[in-house]
There are 2 protein chains.
Amino acid sequence: MTAEPGRRRDSAATRAALLDAATELFAERGFARTTVRDIAAHAGVNQALLFRYFGSKDALYAAVMAGQGRELLEVEQPERLLETVLRRMLEKAPRPGDHLLFTALRSEGVDSAAAEIRKALGDDYIRALSALTDAEDGDLRAELVLAWVIGISMVRSTSAKEPLKSANTEEIIRLVLSAARTLLERTEEQALTEMER
Amino acid sequence: MTAEPGRRRDSAATRAALLDAATELFAERGFARTTVRDIAAHAGVNQALLFRYFGSKDALYAAVMAGQGRELLEVEQPERLLETVLRRMLEKAPRPGDHLLFTALRSEGVDSAAAEIRKALGDDYIRALSALTDAEDGDLRAELVLAWVIGISMVRSTSAKEPLKSANTEEIIRLVLSAARTLLERTEEQALTEMER
DNA sequence: GACCAATGTAAGCAGTTGCTTACAAGGCGC
DNA sequence: GCGCCTTGTAAGCAACTGCTTACATTGGTC
């Protein structure tokens with residue numbers, strides 16, 4: 001009987017189970033602190049299959065990150081990007097993978113696949129954010145704002161009880177946005193000039 | 001001859017060499033990514049002696065961090081704390097251990113000695129920074145500012161060439177201070193009230 | 001039913017980690 | 001000179017990591 005309960009001998013389903021498990025664990029613990037054994041166990045799949053289907057932990061990470069983390073860049077108008085990013089980061093009940101973006105951005109190390117992905121992702125966000133200001137050091141300003149997001153994500157992931165973990169989401173967003181505005185807002189005249197075009 | 005060149009059979013010097021090497025490496029790579037073998041090699045000392053004199057990697061880390069990272073808290077008047085912290089973080093030629101504070105604050109994990117030290121250190125800085133505002137959510141504001149410092153340190157340690165790495169130190173400080181001021185400054189009247197006392 | 005590629009499994013390899021142990025050697029008190 | 005605690009050394013252990021290999025099992029094809 002082909003339609004056996006559960007799934008056996010179904011490579012597509014196995015691949016998908018590995019991808020799902022990897023997505024969840026990478027988002028939760030980051031690349032370095034996630035183990036291939038953890039992923040396989042979490043997927044209910046033999047560890048060797050992970051390497052059969054993905055080749056290496058690096059490649060699995062790349063597969064997980066393919067296309068992920070950039071949805072906000074495409075959907076959001078730049079003015080609302082920071083707010084949306086913060087809201088996703090702070091939301092109470094994230095779906096699996098929702099935090100992939102943040103875990104990826106704050107990954108450590110200069111080797112391994114994670115470093116390249118982090119850099120590419122960071123560059124994309126810096127580019128988007130720097131479009132919000134006309135200051136000549138726009139990239140620096142954008143990078144500072146991104147660093148703030150990364151730092152907040154960092155602190156939230158390590159501290160279990162400090163205010164950041166429990167505080168009102170809207171309040172945090174309000175505070176960060178108001179402060180970031182001093183870095184990213186255009187000057188009045190230049191904003192007007194821009195509109196005239 | 002007791003006064004042999006170099007040092008041999010000198011436990012104090014051996015301990016000190018280990019401490020120095022550990023200080024430098026922990027500051028550079030953080031707790032998790034520093035190896036006891038690295039430390040011993042860097043100190044030119046047998047690895048077993050590290051455990052004889054310090055007991056464990058955790059304990060060595062605690063010994064390194066004992067009293068370190070809080071100098072700025074004691075010296076600086078609160079109003080200048082953030083600026084001084086930023087300046088130390090961004091300075092071009094730090095002495096060994098100068099970055100211990102930042103590497104400690106951005107250490108990962110919830111176990112190991114590093115987590116407790118990070119928390120204690122973070123709490124101290126939050127306390128100092130929150131004294132700068134009279135808002136009732138002062139702790140949250142202070143934690144956000146600390147998260148920013150941590151994020152900047154993070155980004156600088158991973159990106160090799162983005163603006164943050166090379167940009168003008170004073171410009172970065174100016175930008176961060178001006179933005180942070182919206183979070184930490186007192187309202188006019190309350191600052192005056194404070195002065196009257 | 002026989003073949004055979006695709007799928008799944010168990011065991012293990014090599015490298016790294018923190019830490020331990022068994023031992024050699026120096027140097028001080030006597 | 002002798003004993004013995006202190007200091008230093010080399011080797012290795014157990015746990016963990018990413019990854020491989022040798023082998024069983026399944027199920028479609030003919």
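By convention in this document, chain letters (A, B, ...) are assigned in the order of the sequence lines, proteins followed by strands, and residues within each chain are numbered from 1. Worth saying up front: this structure is predicted, and the values here are computed from it rather than measured.
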Touch class at under 4.0 angstrom, heavy-atom based, for A:Y53 against every strand present: sugar-phosphate

N or O in side chain of B:S11 less than 4.0 angstrom from D:dT7 OP1/OP2: yes

Proximity to DNA chain D (any heavy atom under 4.0 Å), residues of residues 22-41 of chain B only: B:R37

Nearest-angstrom distance from the residue atom CG of A:L50 to P of C:dT9: 14 Å

Check: B:P96 and B:D20 side chains under 4.5 Å, non-hydrogen atoms: no

Candidate nucleotides C:dG18, D:dT20, C:dG26, ranked by approach to the side chain of B:R9 - the nearest: C:dG26

For atom CG of A:L49 and atom C1' of D:dC23, their distance in whole Å: 14 Å

Spacing of B:R52 atom CZ relative to C:dG18 atom C1', expressed in whole Å: 17 Å

Euclidean distance, atom CD of residue B:Q47 to atom P of D:dT9 [Å, nearest integer]: 12 Å

Check: A:I173 and A:E83 side chains under 4.5 Å, non-hydrogen atoms: yes

Verdict with reasoning, A:M154 to B:E108, per side chain to side chain contact (heavy atoms under 4.5 Å, CB included): CA-CA 8 Å; A:M154 183 96 215; B:E108 291 211 69; 3.5 Å; yes

Check: B:R106/B:S153 side-chain N/O donor and acceptor closer than 3.5 Å: yes

Interatomic distance, A:N46 CG vs D:dT21 P [rounded to whole Å]: 15 Å

Positions of residues 55-64 of chain A (non-hydrogen atom under 4.0 Å from DNA chain D), listed by number: A:S56, A:K57

Spacing of B:F51 atom CZ relative to D:dA14 atom C1', expressed in whole Å: 14 Å

More than 12 heavy atoms from other groups under 6.0 Å of CD on A:E170: yes

Working for side chain to side chain contact (heavy atoms under 4.5 Å, CB included), residues B:Y53 and B:L60: CA-CA 9 Å; B:Y53 292 131; B:L60 172 59; over 6 Å; no

Matching residue for B:E143 among A:V155, A:I172, A:I152 - test: side-chain contact (heavy atoms from CB on, under 4.5 Å): A:V155

A:E116 CD: over 12 foreign heavy atoms closer than 6.0 Å: no

A:K57 to A:F51, cation-pi by 6.0 Å centre distance and 45° axis angle: no

Gap between atoms CG and P, on A:L18 and C:dT7 respectively (whole Å): 13 Å

